[in-house]
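Model, not experiment: these values are computed from the prediction.
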Amino acid sequence: MAYGFGSLLLQAARSRRTSLSCSIGLLLVVSHWAGAAPAPRYGGEIRVAINSDIRSTNPGVNRDGNTDMVLYHIVESLVAYREDLTVAPMLAETYAVSADGLSYTFTLRDNLRFHNGEPVTAREVKWSWDRLLDPDTGFRCLDWYDGSGSSGLKILEVAAVDAGTVRFRLNRPSALFLQRIAYIQCLTGVMHPDSVNADGSWREPIGTGPYRLQSWQRGKQIVLSRFAGYQSRSEARDGLAGAKIAYADTLRFIVNPDRIAAKVGLYANDLDLVFATPLGSYREAERRRQRRGDINLFHQQTLDWTVLLIQSADALFKNETMRRALAHAIIPDQVAAFASNDLATGNASAVANSSPFHTALHDTWLNYDPERARKLARQAGYRGEEIVIQTNRKFSYMFDNAIAIQAMLHAAGFNVRVEVLDWASQLSNFFSGKFQLSSFGYSARSHPAFLYGNIIGSKNSKATYQWESVAAQELLRQIESSTDAGEQQRIFDRLHELAKQQVPIIGLYNDHIVDITRSHVRNYQPWVFGRPRLWGVWLEAGHTE
Amino acid sequence: MYRYALKKILLIIPTLLIVSLFAFTLIRMIPGDPAVMFVGDLQDAAAVQKVRRQMGLDQPVYIQYYRWVRQVAGGNLGVSLMTREPVFNALAERFSVTVQVIAPAFILAAIIAVPAGMIAAWRQNSRLDNAIVLVMIVCLSVPSFWLALLLILIFGVELNWLPSIGFVSVTEDLGAAIRYLVLPVIVLTLIEMAMLTRVMRASTIEVLNQDYITHARAKGLSESIILRRHVFKNAFAPTLTMLGLALGSLLSGTAIIETVFAIPGLGLYLVDAVYARDYPVIQGTLLFVVAVYTAVNLLADLLYPVFDPRVKLQ
């Protein structure tokens, strides 16, 4: 049955696309629209500041956010995310799901080539997946596919049916299988076997993307050059899917650890793009744009979710009433406004504002009522003991959130101290559960189920789980086996209602990013994942580097 | 002198052993887990345990230390936990970058500071002395990152004379390398120059107050000859010690400048490793810096009698 199981979800999600596009359009505020330039132009080099070097060139194996971003210009998967977070075919021309949901068949596009000129066939797709599923490879998301993860999903076989057809056989149906293949943090890029040495060790990515790896000078820069043999899709550019036209000859990612210094470098025309600059620099950059017109400024709501973690194993906070008291004392909208220079709005739900599953219900939360907070705290036995919020300075928004929350909790009669740690220490405490309250952030998860998957579970199995509710665990399991988007919507709604009762975590807002480009950079668009995509972007004629 | 040098060189071995022990234990006492940093935003506790095993961090600390020392004794500093890159190769690469920044800064600072300090002392309490002292105090007081950003704003952004960030090696393109090095070298020179000038001024003042200087003046020697022949050699010896210390501190202390100017040098490498809890990189870099620091100071010790014959190396 072509487009059976998976297509139901796809079509349901697509039906929301019109309204979603409108909402994204509202969220994406481009101070100066640079996309109206009529004539795209080939050539030149786009210089991008990255705040740390990439970890490796091995997709999905040794990675972080910058690594993913550089590598998704080089490798592509069978499917990819659209702008609206639905999944679209990428290397696949079409895909079909069997009636029982246990078999996914992908038909590859014609005339696809790897960067070494070799044709892309089912053999290379099978090789790429067999390699990812080999425990020796060290694929970071192996537990999503080998049956050891919480979903129990396992790929039983990847078979090359013929030169242009690949079939995946699963042990159980999964509503999230395609979402997982498209997942950016776990790139499942299809690569040529020459990407590894004869002994299986990693060499370099020979992918199918619009750019190929030219050089990597560790600690300094990564240079990608246009892949002349790239076969772009015919659809419009759409997230990581659709057309990918490489206008710039080269992309140069320059390691620049200090975002402010990078911004100054952009002003000096030594860079073309600085993404995710500190939100505090937005107003100054906006003044420069108005005064000189030599830069463009973008801000975009992302899927990153900033939260206040509450340690439910703590003597004070194991009491649900005490957690509810905290929630009544905190106004997510005000924390968002304070920490983001008025760019962000509050979101207490794990379903991101820009998710198609975010409905009006997810905008509801416990109302701000400091008197009620005092009363509930007294009921819970709180007698003014010191409460500690852990935070760090590496991510300034986490620090700002902590300060705002401390002030709000003080106003409601709580005795709160902010403990500033370095990020490594705070993250280790998160993994071991050594905190009382923690100003924290979850990086972008494309589907709410993945974020809930990080939050819901028993602390006995993982200390990182924040919500041990059996009912929530059952709802999470139901998402995996759901058959359509409507059913998923109902589950997410119930999860949010349950969160409002139990307050396992206090969601604050989806983080904003501010990207700055030189004005000669045309057709640049940020998106909800918060990292640049540089295909479809060109440099205006006549600019000097 | 040879025996002295040999003795000093042999002393480097226990020094490095002690440093290795400190570097190894202290970094492990700081909260934070490299496996957690490696897994990062996937926030998967099971993966963290797996990575800890792969990194050998599940072994007792004394076994980890023994393995590492044995490895280092064999000339292998291990591999980075984050990038899997051999630490020795990375150090060699990063050191070559840092040297290109600090060597010209060090030489320029010495060339300016020694005469400036002498002239200030020679004209003690004059307007010239006050001016030199004032400039040096300002240079010492200004934070290096602020000075760096100020210079970038003036020469990079407003005047557009020089590149604001980045690095080109002298082996790639000498002309471009010089353009990229001008601003970081100026910042480092100003900071090092200020400290050295003050040391040189103080030691020159001390020498100028000695009886043999009064005697030389009484003999009718010109001030120029007195300064060159009698004052310089005696006043320079303490500054030489300071130069050795300054070079050592420059090696590991350029992290701020490297961060602002996006220079992939040793300081930045170490700072990144500390944030990521990349133990082999931290340990290897500290050992390397201490080895270089010790070697430079040994050289300063050996040169000391050249300037001050009263000192005998025993």
Practice prompt. Count the heavy-atom pairs under 4.5 Å between each of B:Val97, B:Thr83, B:Ile263, B:Val48 and chain A, then report the option with the highest count.
Written response: B:Thr83
Worksheet item: In this structure, are over 12 heavy atoms from other groups packed under 6.0 Å from A:Lys459 atom NZ?
Response: yes
Worksheet item: Hey, which of A:Lys394, A:Gln426, A:Arg292 has the most heavy atom pairs under 4.5 Å with chain B?
Response: A:Arg292
Worksheet item: Would you find a donor on one side and an acceptor on the other, under 3.5 Å apart, between the side chain of A:Ser425 and the backbone of B:Pro31?
Response: yes
Discussion item. To the closest 0.5 Å, what do you measure between CE (B:Met82) and OG (A:Ser56)?
Written reply: 12.5 Å
Practice prompt. Can you tell which part of A:Asn256 gets under 4.5 Å to a heavy atom of chain B, answering side chain, backbone, both or neither?
Written response: both
Practice prompt. Can you measure from CD (B:Gln49) to CZ (A:Phe431) and round to the nearest 0.5 angstrom?
Written response: 10.0 Å
Fill in: Proximal to chain B - members of residues 139-153 of chain A, heavy-atom separation under 4.5 Å
A:Arg140, A:Cys141, A:Leu142, A:Asp143
Practice prompt. Tell me, for B:Asn160 versus chain A, whether the close heavy atoms (under 4.5 Å) come from the side chain, the backbone, both or neither.
Written response: side chain
Solution key, residues 267-276 of chain B side-chain donor-acceptor pairs under 3.5 Å, sequence neighbours excluded:
none

Can you give the donor-acceptor pairs under 3.5 Å from side chains of residues 281-293 of chain B to other protein atoms, not counting sequence neighbours?
{"residue": "B:Gln283", "atom": "OE1", "partner": "B:Arg28", "partner atom": "NH1", "Å": "2.7"}
{"residue": "B:Thr285", "atom": "OG1", "partner": "B:Val281", "partner atom": "O", "Å": "2.5"}

Worksheet item: Which answer fits B:Val260, side chain, backbone, both or neither, if we ask what part of it has an atom under 4.5 Å from a heavy atom of chain A?
Response: both
Item to complete: Specify which of A:Ala261, A:Ser52, A:Gly65 makes the most heavy-atom pairs with chain B at under 4.5 Å.
Response: A:Ala261
Discussion item. Looking at B:Ser164, is its backbone amide N or carbonyl O close enough to the side chain of A:Asp270 to form a donor-acceptor pair, meaning the two atoms are under 3.5 Å apart?
Written reply: yes
Discussion item. Would you say CZ of B:Phe88 has more than 12 non-hydrogen atoms from neighbouring residues, nucleotides or ligands within 6.0 angstrom?
Written reply: no
Discussion item. Let's test your reading of the structure: which of B:Arg94, B:Glu258, B:Arg84, B:Glu93 forms the most heavy-atom pairs below 4.5 Å with chain A?
Written reply: B:Arg94
Worksheet entry | Where A:Trp423 and B:Met37 come nearest, the two heavy atoms and their spacing | CD1-CE, 3.8 Å
Discussion item. More than 12 heavy atoms of other residues, nucleotides or ligands under 6.0 Å from CZ of A:Arg203: yes or no?
Written reply: yes
Discussion item. Does any backbone or side-chain atom of B:Glu158 lie under 4.5 Å from a heavy atom of chain A? Answer side chain, backbone, both or neither.
Written reply: side chain
Practice prompt. Counting only heavy atoms closer than 4.5 Å, note whether B:Val51 contacts chain A via side chain, backbone, both or neither.
Written response: side chain
Worksheet entry | Inter-residue atom distance B:Ile165.CD1 - A:Lys263.NZ, 0.5 Å rounding | 13.5 Å
Worksheet item: Taking all non-hydrogen atoms of both residues, which atom of A:Pro257 and which atom of B:Ala262 are closest, and how far apart?
Response: CD-CA, 4.4 Å
Distance-only check: which donor-acceptor pairs under 3.5 Å involve side-chain atoms of residues 183-195 of chain B, not counting sequence neighbours?
{"residue": "B:Thr189", "atom": "OG1", "partner": "B:Val185", "partner atom": "O", "Å": "2.5"}

Worksheet item: What residue in A:Ala262, A:Ser432, A:Gly219, A:Ala424 has the most heavy-atom pairs under 4.5 Å with chain B?
Response: A:Ala424
Discussion item. Whether the side chain of A:Arg55 engages the backbone of B:Phe38 through a donor-acceptor N/O pair (distance < 3.5 Å, no angle test) should be reported.
Written reply: yes
Discussion item. Can you tell me which portion of A:Val264 sits under 4.5 Å from chain B's heavy atoms? Options are side chain, backbone, both or neither.
Written reply: both
Worksheet item: What distance do B:Ile30 atom CD1 and A:Leu421 atom CG have between them, rounded to the nearest 0.5 Å?
Response: 12.5 Å
Fill in: A:Gln221 portion near chain B, given a 4.5 angstrom heavy-atom threshold
neither
